[in-house]
**Q** 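The structure is given below, and queries will be raised subsequently.
As the structure is a prediction and not an experimental result, all values here were calculated from the model.
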Amino acid sequence: MGNKLGWILAGIFGAFVIIVLAKVLFFPSPSDPTRATTGPGMLTLQKPAEPLTSLLPSAPDGEGNAADDYRRAWKSYDKNTDAIKAMFKHYFAVIKDEYRLTDDDVALLKSVADPIADGAAKKDMSFYLSEQMEVSYDRPVEAGQFQNIAEVPRMLFAHYIGKGEEHYPAAEKCLFDILVLGHHLVEERARFDIVRTGIGLQKNASELLGQLYGKWNKPERVKAARNYRTGLRDMSSIYTELYAVAWKLTRAESGAHGPNPGDIFNLVANHADRAVRVEAILSLGMVKLTCAGRGDHKRVRDLIDEKLKSDDPIEQAAAKCADALDEEGMQRLASGE
């Protein structure tokens, strides 16, 4: 009886060992995510804590695509870049009424600011999905272009506030337009850098609104502007942390060290914000070339293949970049070129 029981136990133990070996050999586990992506709020769709209407008289509700108007603003800015940038140098003097723009200066600024105002009156913006936009490992140039055109209504804000209280409503409207532009950039959720640019524009506009309302002796509006900016803080902080997770890339003697595989897998599979997922999909290319475990190699390959078939064209484009990234490209990223 004892021998029979021993053989049974030995058989059970042997079967267990075979199962474990089979799992290790044929079904290796990928890396687990860390608290960098499992902490509170790290996988949720972040939004400002306060509604846009806490500052705006009403939410923009115009029909059409605001991106068309913003492109018109780009064209005018690009056509007059040198003259516009020359005006920017006088920003602080203008706001103190120590330097005044000419009528021609104002007209030139309005050739950019008026299309922005037209876009800011519209409810929706579809920029990346309205045409075949490039997705690459480089920072999207559009983020810088949006930042550039937003400086124009900011300059007009300085012009109006410098002219005195009767012009404060016009100064306020310039900041409202920047606020909505930033809102549009966030809400499309297309590229992480553009979302972060949109957050930054809203933070700047709400800060300047607070300064304007202080001069205008509107304490309740000062409070509303402060609350809106504070409401962006957690969103901005979480997205800054996630950006660092997605682009954790260092160069050492042993080669390039990429992001933590488990965190990238978690963001690709589970984050509610498409812009974060797209950034994480791009990071799969780095993980592909830097991860060590067999489970990670299998998981990264599976996720790239899955996203290559995505119904979302931006996700699909990011997956193509990740699939194509090679050692030469990785070295370029690691060196910051």
**Q** Between CH2 of Trp74 and CD of Gln145, what distance do you get to the nearest 0.5 Å?
**A** 4.0 Å
**Q** What's the spacing between Asn65 CG and His184 NE2 if we round to 0.5 Å?
**A** 9.0 Å
**Q** For residues Tyr213 and Glu172, is any side-chain donor paired with an opposing acceptor at under 3.5 Å?
**A** yes
**Q** Can you confirm whether Leu325 sits close enough to Cys321 that some side-chain heavy atom of one is under 4.5 Å from a side-chain heavy atom of the other?
**A** no
**Q** Can a salt bridge be assigned to the pair Glu315 and Arg277 using a cut-off of 4.0 Å between side-chain N and carboxylate O?
**A** yes
**Q** What's the spacing between Tyr137 OH and Met330 CE if we round to 0.5 Å?
**A** 8.5 Å
**Q** Going by the angle between their ring planes, with limits at 30° and 60°, are Trp247 and Tyr243 parallel, tilted or perpendicular?
**A** tilted
**Q** Please determine if Arg71 and Asp78 form a salt bridge, counting it only when a charged side-chain N lies under 4.0 Å from a carboxylate O.
**A** no
**Q** Calculate, to the nearest 0.5 Å, the distance between atoms OH and CG belonging to Tyr239 and Asp234 respectively.
**A** 12.0 Å
**Q** Ile116 and Ala73: which non-hydrogen atoms are nearest, and at how many Å?
**A** CG1-CB, 3.7 Å
**Q** Identify whether the distance between the nearest side-chain nitrogen and carboxylate oxygen of Asp177 and Lys173 falls below 4.0 Å.
**A** yes
**Q** Test your reading of the model: is there a side-chain donor-acceptor pair from Lys288 to the backbone of Ala322, 3.5 Å cut-off?
**A** yes
**Q** Before accepting this row, confirm whether a basic side-chain N of the pair Asp273/Arg189 lies closer than 4.0 Å to the acidic partner's carboxylate O.
**A** yes
**Q** Side chain of Thr290, backbone of Met286: donor and acceptor closer than 3.5 Å?
**A** yes
**Q** For residues Asn260 and Gly262, report the shortest heavy-atom separation together with the two atoms involved.
**A** OD1-N, 3.0 Å
**Q** Does any donor atom in the side chain of Thr34 or Asp263 lie under 3.5 Å from an acceptor atom in the other side chain?
**A** yes
**Q** Would you compute the distance between atom CZ of Arg35 and atom OG1 of Thr37 and round it to the nearest 0.5 angstrom?
**A** 10.5 Å
**Q** Any donor-acceptor pair under 3.5 Å linking the side chain of Arg191 with the backbone of Val135?
**A** no
**Q** Taking the six-membered ring for Trp, is the centroid-to-centroid distance between Trp216 and Tyr160 below 6.0 Å?
**A** no
**Q** For the CG atom on Asp326, are there more than 12 heavy atoms of other groups (residues, nucleotides or ligands in this structure) within a distance under 6.0 Å?
**A** yes
**Q** Is it true that Arg100 and Asp97 make a salt bridge, defined as a side-chain N closer than 4.0 Å to a carboxylate O?
**A** yes
**Q** Assess whether a salt bridge exists between Glu187 and Lys47, defined as any Lys/Arg side-chain N lying under 4.0 Å from an Asp/Glu carboxylate O.
**A** yes
**Q** Going by heavy atoms in the side chains, are Arg154 and Cys174 under 4.5 Å from each other?
**A** no
**Q** Before accepting this row, confirm whether a basic side-chain N of the pair Asp69/Arg72 lies closer than 4.0 Å to the acidic partner's carboxylate O.
**A** yes
**Q** Parallel under 30°, tilted from 30 to 60°, perpendicular over 60°: which one fits the rings of Tyr70 and Phe146?
**A** perpendicular
**Q** Could you label the plane-to-plane angle of the His90 and Tyr99 rings as parallel, tilted or perpendicular, counting under 30° as parallel and over 60° as perpendicular?
**A** parallel
**Q** Measure across Val268 and Lys307 and return the closest heavy-atom pair with its distance rounded to 0.1 Å.
**A** CG1-CE, 3.8 Å
**Q** Atom CD of residue position Glu328 - does it have more than 12 heavy atoms of other residues, nucleotides or ligands inside 6.0 Å?
**A** no
**Q** Is a donor on one side and an acceptor on the other found under 3.5 Å between the side chain of Gln316 and the backbone of Ser310?
**A** yes
**Q** Could you tell me which non-hydrogen atom of Ser76 sits nearest to which non-hydrogen atom of Val112, and how far apart they are?
**A** OG-CG2, 3.6 Å
**Q** Are Leu201 and Leu179 close enough that some pair of their side-chain heavy atoms sits under 4.5 Å apart?
**A** no
**Q** Taking atom CZ as the centre, does Arg301 end up with more than 12 heavy-atom neighbours from other residues, nucleotides or ligands that are less than 6.0 angstrom away?
**A** yes
**Q** So do Met87 and Leu108 actually touch side chain to side chain, heavy atoms under 4.5 Å?
**A** yes
**Q** Start with the C-alpha gap between Leu242 and Gln46, add the side-chain angles, then the distance that decides, and say whether side chain to side chain contact (heavy atoms under 4.5 Å, CB included) holds.
**A** CA-CA 12 Å; Leu242 289 176; Gln46 295 293 315; over 6 Å; no
**Q** Please confirm whether the backbone N or O of Leu232 pairs with a side-chain atom of Ser236, one donor and one acceptor, at under 3.5 Å?
**A** no
**Q** Verify the distance criterion only: is there a donor paired with an acceptor across the side chains of Ser31 and Asp296 at less than 3.5 Å?
**A** yes
**Q** Could you tell me which non-hydrogen atom of Asp193 sits nearest to which non-hydrogen atom of Glu279, and how far apart they are?
**A** OD2-OE2, 4.4 Å
**Q** Quick one, Tyr128 with Ile194, criterion side chain to side chain contact (heavy atoms under 4.5 Å, CB included). Give me CA distance, side-chain angles, the key distance, then yes/no.
**A** CA-CA 10 Å; Tyr128 254 81; Ile194 292 180; 3.3 Å; yes
**Q** Side chains of Met125 and Asp68: does their closest heavy-atom pair fall under 4.5 Å?
**A** no
**Q** To the nearest 0.5 Å, what is the distance between CG on Leu333 and CG on Asp138?
**A** 8.0 Å
**Q** For Ile178 and Ala150, which heavy atoms make the closest approach, and how far apart are they?
**A** CD1-O, 3.6 Å
**Q** Between Leu52 and Tyr228, does a side chain to side chain contact (heavy atoms under 4.5 Å, CB included) hold up when you go through it step by step?
**A** CA-CA 8 Å; Leu52 200 59; Tyr228 191 87; 3.5 Å; yes
**Q** Counting heavy atoms not belonging to Glu98, are there more than 12 under 6.0 Å from its CD?
**A** yes
**Q** Is the closest side-chain donor-acceptor distance between Asp105 and Thr102 under 3.5 Å?
**A** yes
